[in-house]
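Here's the structure, in structure tokens; my notes come after.
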Amino acid sequence: MFVKIKDILSGKYPDGEEIQIGGWVVKNRSSGKIVFTVIRDSSGEIQVTTKKGNVCDDALREADALALEASTMIKGKVRTDPRAPGGRELVATDVKIVGASPDYPIFGEGHNPEVLLDLRHLHIRSRELVAIMKVKDSVLSSCREWFRTSGFYEVTPPIIMSSSCEGGSTLFELKYFDEKAYLSQSAQLYLESLIFGLENVYSVTPSFRAEKSRTTRHLAEYWHIEGEMAWVGLYDMIDMLEKLVSFVCNRTAEERPEELKLLGSDPEYFKNLKPPFPRITYDEAIKVLQADGYEVKWGDDFGTHEERQLSMHYDKPLFITEYPLEVKAFYMKDAGNAKVLNVDMIAPKGFGEIIGGSERETDLALLEERIKKQGEDPAKYGWYLDLRRYGSVPHSGFGMGAERLVRWICNQEHIRDTIPYPRTISRFNP
Ligand code: 4AD
Ligand code: MG
């Protein structure tokens, strides 16, 4: 059947061998007697030369009529040519149009981003978006590989929930038959229940946040990579996190160096990223920010600007631990002094928070109090509180935003291009 373009470029087929490819038109230029076409498939791009005399008249007409993004089947002979992009081309012996493409709407440069988002179903074929999707594939599969080889089980928590995990302000409500339900913000509470049988668990699920602002790092629907571990304290978890993040960055850069270069990222940096990552406490972070002239005081949460400023002091991801209890979720373990045993991992160069995690509170009375404090009824969390009643263990867990991670690795200004169909406050179509 069809061979892959990357295998032609890599020299798998000797000069003169006749092969067949299927793909889409990137460029087509014709002088009537000779047609130069650039074809892409999922693996790469190659130049095809169709010459009068080498092919029948019908095939020459079809080659001449190949429009931008038309799909085509081409038979041809491999030819090494140092002038051809990629060093090899295909000399056509037969050309057929499979699906015509009259007036493809994305032509040339400089489109308005909103127009491209309206045409997302077509724009996802573009070189840049395809490169990002290949990087994301490496990121997701290397995460899974790390978890599997580190003794974690993959589990499948529910997406429809009866209560919130991260507070009510970003909850998406859902009509669930005759009742009210919510879309998951995090699998955490369910993962916590699963450690009692499996000890180390992880999940890769969509999470939903009704973020009411437009930012370059928030999506309303994103992919959440979450882990939860029995018998593990905060600082042991941080040791694991730097191994996980390094493994994923190293592996992705090894698998996708060309894509990273195309996207303006630096594969060498990601290939060489290694533990340890710098660690500071929230208290130290406040001092650093104040010394840098920021008007922050103890108790403030960090936003984009503060995270950017802190990340400028390091060239590796930064762990910040022990935030004020007031700014963090109810389930984080009390560390005393109005702080919690939590960690945020901030990416370099202002890419911001990529991981949020903590050791979990195991004290039943404290948990009930904190749930009440955030204005909710502990009775709604009855099943979760049962986990503290029956065989409770110290444990920790974290959530990593897949698109935040991909945005950093791919050096993307905006998070929207790290997901095929971004959902934001102003868009859920196409
Ligand atoms: O810090 P967050 O809110 O933590 C939790 O949800 C925990 N329950 C996770 C856990 O411990 N199992 O979210 C975790 C990560 C963030 O660090 C960020 O990378 C990503 O999820 N994230 C988003 N990514 C894209 N768009 C959004 N609106 C996001 N909100 C959070
Ligand atoms: Mg967070």
Side-chain angles (χ1 to χ4, degrees), residues 136 139 143 147 152 155 157 159 161 163-172 182-195 200-229 232 234 237-238 240-241 244-245 248 282 301-304 306-307 317-321 323-324 327-333 340-347 351-361 374 384 395-409 412 414-419 422-425:
K136 195 174 192 178
V139 164
C143 276
F147 280 118
F152 284 73
V155 294
I159 301 298
M161 297 195 175
S163 58
S164 90
C165 179
E166 296 300 318
S169 70
T170 61
L171 267 185
F172 272 109
Y182 308 98
L183 291 176
S184 172
Q185 298 163 306
S186 164
Q188 179 192 325
L189 304 187
Y190 291 97
L191 295 188
E192 284 190 57
S193 72
L194 290 158
I195 64 166
N200 292 348
V201 296
Y202 78 98
S203 59
V204 182
T205 63
S207 276
F208 301 87
R209 305 277 170 114
E211 303 278 359
K212 276 139 203 129
S213 54
R214 266 172 191 273
T215 78
T216 56
R217 59 179 189 162
H218 288 95
L219 292 163
E221 178 184 83
Y222 71 96
W223 285 79
H224 210 165
I225 300 155
E226 291 177 276
E228 196 73 29
M229 292 145 280
V232 169
L234 175 67
M237 178 170 79
I238 295 175
M240 299 172 88
L241 290 178
L244 164 65
V245 170
V248 170
Y282 172 89
D301 200 1
F302 297 147
T304 315
E306 291 79 18
E307 286 179 357
L318 169 67
F319 290 118
I320 308 176
T321 55
Y323 281 59
V327 302
K328 290 293 181 188
F330 73 92
Y331 50 74
M332 295 188 179
K333 189 174 174 70
V340 283
L341 281 180
N342 81 302
V343 63
D344 275 2
M345 193 191 83
I346 311 295
F351 282 98
E353 179 194 332
I354 287 186
I355 296 178
S358 76
E359 190 164 332
R360 314 308 192 189
E361 185 57 74
Q374 72 174 34
Y384 178 73
H395 63 291
S396 300
F398 67 92
M400 176 160 75
E403 289 76 19
R404 295 265 182 102
L405 179 60
V406 171
R407 174 176 172 242
W408 170 48
I409 296 177
Q412 293 298 293
H414 207 295
I415 198 169
R416 67 179 169 227
D417 286 338
T418 61
I419 192 161
R423 270 73 180 101
T424 57
I425 185 162

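The residues of the chain are indexed from 1 along the displayed sequence. All ligand and atom numbering here is 1-based and tracks the order in the structure. The figures here come from the full heavy-atom set of this structure, side chains too, leaving out hydrogens, waters and symmetry mates.
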*asked:* Show me which atoms of ligand 1 lie under 4.0 Å from any heavy atom of S186.
replied: 6 (O), 7 (C), 8 (N), 9 (C), 12 (N)

*asked:* For a distance under 2.8 Å, tell me if E353 has an N/O/S atom near the Mg ion (ligand 2).
replied: yes

*Relative to atom 27 (C) of ligand 1, which among L219, T215, L189 owns the nearest non-hydrogen atom?*
L219

*Distance-only side-chain donor-acceptor flag, Q185 / T170, under 3.5 Å*: yes

*Using a 4.0 Å heavy-atom threshold (strictly under), name the region of I355 that reaches ligand 1: side chain, backbone, both or neither.*
backbone

_Suppose we measure from atom 14 (C) of ligand 1 to each protein heavy atom; which comes out shortest, and what is that distance?_
H224 NE2, 3.4 Å

_Just to confirm my output: which protein heavy-atom neighbour is closest to atom 5 (C) of ligand 1, and how far is it?_
E166 OE2, 3.3 Å

*Which bit of Y222 gets closer than 4.0 Å to ligand 1, counting heavy atoms only: side chain, backbone, both or neither?*
side chain

*Should the ring pair Y202 and F152 be called parallel, tilted or perpendicular, given that the plane angle runs from 0 to 90° and is split at 30 and 60?*
perpendicular

*asked:* Has K212 got a side-chain atom pairing as donor or acceptor with S169's backbone, closer than 3.5 angstrom?
replied: yes

*With a 4.0 Å cut-off on heavy atoms, is E221 touching ligand 1?*
no

*Polar proximity ligand 1 side, E353 side, N/O cut 3.5 Å exclusive*: yes

*Give the ring-plane orientation class for F302 versus Y282, where under 30° counts as parallel, over 60° as perpendicular and anything between as tilted.*
parallel

*Distance from atom 18 (C) of ligand 1 to nearest protein heavy atom, with residue and atom*: R404 NH1, 3.5 Å

*Go through the steps to decide whether N200 and F147 satisfy the test side chain to side chain contact (heavy atoms under 4.5 Å, CB included), and finish with yes or no.*
CA-CA 9 Å; N200 292 348; F147 280 118; over 6 Å; no

*Given E226, R217, K328, R209, which one has a non-hydrogen atom that is nearest to atom 6 (O) of ligand 1?*
R209

_I'd like to know if the side chain of R404 and the backbone of E353 have a donor-acceptor N/O pair within less than 3.5 Å._
yes

*Which one holds for W223 and ligand 1: side chain close, backbone close, both close, or neither close, with close meaning a heavy atom under 4.0 Å?*
neither

*Determine yes or no for a side-chain-to-main-chain donor-acceptor pair under 3.5 angstrom, with S213 supplying the side chain and T215 the backbone.*
no

*N/O separation below 3.5 Å, F398 to ligand 1*: yes

*Nearest non-hydrogen atom to atom 11 (O) of ligand 1 belongs to which of E211, R360, E228?*
R360

*CE-CZ distance between M237 and F398, expressed to the nearest 0.5 angstrom*: 7.0 Å

*Is a donor on one side and an acceptor on the other found under 3.5 Å between the side chain of E403 and the backbone of R416?*
no

*Nearest protein heavy-atom contact for atom 15 (C) of ligand 1: which residue, which atom, what distance?*
G399 O, 3.6 Å

*Flag I354 as yes when one of its N or O atoms lies below 3.5 Å from any N or O atom of ligand 1, and as no otherwise.*
yes

_For ligand 1 and C165, I'd like to know whether there is a polar contact (N/O to N/O, distance under 3.5 Å)._
no

*Roughly how far apart are D417 CG and K136 NZ, rounded to 0.5 Å?*
11.0 Å

*With a 4.0 Å cut-off, would you call R209 and E166 a salt bridge?*
no

